[in-house]
Q: 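One structure, as structure tokens, below. Some questions next.
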Number of protein chains: 2
Amino acid sequence: MQPNSPETVSLRYRPGTHAKGEDTLRRILEVAIEVFAEEGYEGASTRTLADRAKVNLPAIQYYFGSKEGLYRAAIDHIAKFVESRMAALAAQAETLLAGDPTPDELLRMLLAMLDGFVDLVTTDDAPPSACLFITRAEVEDATALDALHNQMMRLVSQPCMDLVARALGRPLDDEAKIRASAILGQALMFKKKGTKMGACPLLGWDAINETRLQTLKTILREQTTAIIRAAMDKNS
Amino acid sequence: MQPNSPETVSLRYRPGTHAKGEDTLRRILEVAIEVFAEEGYEGASTRTLADRAKVNLPAIQYYFGSKEGLYRAAIDHIAKFVESRMAALAAQAETLLAGDPTPDELLRMLLAMLDGFVDLVTTDDAPPSACLFITRAEVEDATALDALHNQMMRLVSQPCMDLVARALGRPLDDEAKIRASAILGQALMFKKKGTKMGACPLLGWDAINETRLQTLKTILREQTTAIIRAAMDKNS
DNA sequence: ACCTGATCCTATCAAGTGATACAGTTTTAT
DNA sequence: ATAAAACTGTATCACTTGATAGGATCAGGT
């Protein structure tokens, strides 16, 4: 069963307030992101989660109320991570759009967002396998994931669509949306881990180091520029 | 547990030889593709599978040896479907590359492959939710899926990379591979079902009808042309 | 020092899992 | 027609799953 029911369990005390408890809580959460990403919600058994976090079984219920609670907490953590990575760019785009930007400014902003998105999906930081977790979130349709979905829309897709539409001097119609989605789609092939058919195995890239990341960004920037330029020519 | 162990069970008889048996076998298989796509391997219980196929529980073991056998059969079915959709185009590309094609011919071939790929990922035919199944196959890392992975490489990625490399007059290096992957990535955002963060929900597209499909294809063709043209200019 | 709440552990539960045994029924071949 | 094989159904197995009970231990505040 997917965690679609609302959280009903309320904890008796306030776990995670002592130094020791806070530590194990973090450990469980971090391991959970990893294991949920690797195995999926159903695939990750509470026993595996507990073992990998080096705690005993009831610790999960103690700290998070239930397996579902832990899943929700993991989603929350990922959402905060995405926020920390993309919020600034999204805000920047919004203020730019509020003014009277030139097409060139709009393109530069779009390229910056694309760069940020590439960073996001190729990163290995903070919550390891955060990206794989998001990839899984794509197919698992728990309502618990709606918040994450909405956030990705708000911080990534929406700003890009707005930028593209304005750059082309068009309303926010299907064409603008399609173009923006396709531009972001370019980057999705290069997700860090957990994609068997993605570009990285094809390229023989076991890991994305700094050099490769720069190459990738440069090419995607070039291509996006070409896309926008051509579309602008056509629309004028 | 993911189905990574080789198939050892051999059936006592030859099920599916009678007319009636063949029918129920197909029914189970079709339902299985749907349910595996929706729920994942672990998530799809044998009881759900049996219920949805309107057969009793042991029918799965009778016809497919085990749940894993059914999963393998489902993968096989999808692989044949992909083959039927992409094999002709892949062969066409290969013969073109064997000759001495002009850049323009290469571009046209690439656009044709892109069109075919868009058809593949947006289709609703044959095995319903075949695409969602493939999306899931992307993250579930059962060795049983390797055949499907390899096939996608062989019939889609590899030909596209070869075409791009040749069109740019380059060897099959990282740049060519990246460009080809990114081009295909554009289409991936528009996968038919089961993608919460994909482009379709963003566009408010509940379903992709013929009109929308044409719009999408036209834009992606335009963008791909722009990408290749710009890259050719730079590389000359 | 001491007490309260936070933390951790062993043992256990009820439900659900994939799989099998085995008997009954239908279909096909001769 | 009749035997053999293909098919279907009921009951049940051994196992894993998420969750809980209830007690032992620890830490922090007074």
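We name chains A, B, ... by the order of the sequence lines, and we start the count at 1 in each one. Since the model is a prediction, treat every value here as computed from it, not as a measurement. Heavy-atom basis, side chains included; hydrogens, waters and symmetry copies ignored.
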Q: Please give me the minimum heavy-atom distance between A:Leu155 and A:Met86, naming the atom from each residue.
A: CB-CB, 4.1 Å

Q: Whole-Å distance between D:dA6 P and B:Glu22 CD?
A: 14 Å

Q: Can you tell me how far C1' of C:dG18 sits from CD of B:Glu68, to the nearest Å?
A: 12 Å

Q: Taking 4.0 Å as the cut-off, does a side-chain nitrogen or oxygen of A:Gln61 come that near to OP1 or OP2 on D:dA19?
A: yes

Q: Does the C:dG18 base have a donor-acceptor partner in the side chain of B:Arg47 within less than 3.5 Å?
A: yes

Q: In whole angstrom, what separates B:Lys67's NZ from C:dT20's C1'?
A: 17 Å

Q: What side-chain donor-acceptor pairs closer than 3.5 Å can you find for residues 201-214 of chain B, not counting sequence neighbours?
A:
{"from": "B:Trp205", "atom 1": "NE1", "to": "A:Asp174", "atom 2": "OD2", "distance (Å)": "3.2"}
{"from": "B:Asp206", "atom 1": "OD1", "to": "B:Arg212", "atom 2": "NH1", "distance (Å)": "3.4"}
{"from": "B:Asn209", "atom 1": "OD1", "to": "B:Thr211", "atom 2": "N", "distance (Å)": "3.2"}
{"from": "B:Asn209", "atom 1": "OD1", "to": "B:Arg212", "atom 2": "N", "distance (Å)": "2.8"}
{"from": "B:Glu210", "atom 1": "OE2", "to": "B:Gln214", "atom 2": "NE2", "distance (Å)": "3.0"}
{"from": "B:Arg212", "atom 1": "NH1", "to": "B:Ala207", "atom 2": "O", "distance (Å)": "2.7"}

Q: Restricting to ring-ring contact (aromatic ring centres under 6.0 Å, His included), what partner residues turn up for B:Phe36, sequence neighbours left out?
A: B:Tyr41, B:Tyr71

Q: Taking the basic N atoms (NZ, or NE/NH1/NH2) and the acidic carboxylate oxygens, is any pair closer than 4.0 Å for A:Asp51 and A:Arg47?
A: no

Q: Pull out every residue in residues 29-36 of chain B that has a heavy atom closer than 4.0 Å to any atom of DNA chain C, ordered by number, or say none.
A: none

Q: Calculate the interatomic distance between B:Tyr63 atom OH and D:dG9 atom P; express it in whole Å.
A: 10 Å

Q: Restricting to salt bridge (Lys or Arg N to Asp or Glu O under 4.0 Å), what partner residues turn up for B:Glu83, sequence neighbours left out?
A: B:Arg154

Q: So, is B:Thr46 close to the C:dG18 phosphate, meaning a side-chain N or O under 4.0 Å from OP1 or OP2?
A: yes

Q: Among residues at least two apart in sequence or on other chains, which ones pass salt bridge (Lys or Arg N to Asp or Glu O under 4.0 Å) with A:Glu38?
A: A:Arg52

Q: Looking across every strand, which nucleic acid part, if any, lies under 4.0 Å from B:Ala50 by heavy atom: base, sugar-phosphate, or nothing?
A: nothing

Q: Starting at CZ of B:Phe64 and ending at P of C:dT20, how long is that distance when rounded to a whole Å?
A: 16 Å

Q: Calculate the interatomic distance between A:Glu42 atom CD and C:dT17 atom P; express it in whole Å.
A: 9 Å

Q: Counting just side-chain N and O atoms, does B:Thr24 come under 4.0 Å of either OP1 or OP2 of D:dC7?
A: no

Q: For a quick check of understanding: with a heavy-atom distance under 4.0 Å over all strands, which category does B:Ile60 fall into, base, sugar-phosphate or nothing?
A: nothing

Q: Can you measure A:Ile28 atom CD1 to C:dT7 atom C1' for me and round it to whole angstrom units?
A: 11 Å

Q: Check whether any side-chain N or O of B:Tyr62 sits under 4.0 Å from OP1 or OP2 of D:dG9, and answer yes or no.
A: no

Q: I'd like to check the salt bridge (Lys or Arg N to Asp or Glu O under 4.0 Å) partners of B:Asp76; sequence neighbours left out, ordered by chain and number.
A: B:Lys80

Q: Rounding to a whole Å, what distance do you find between B:Leu57:CG and C:dT17:P?
A: 10 Å

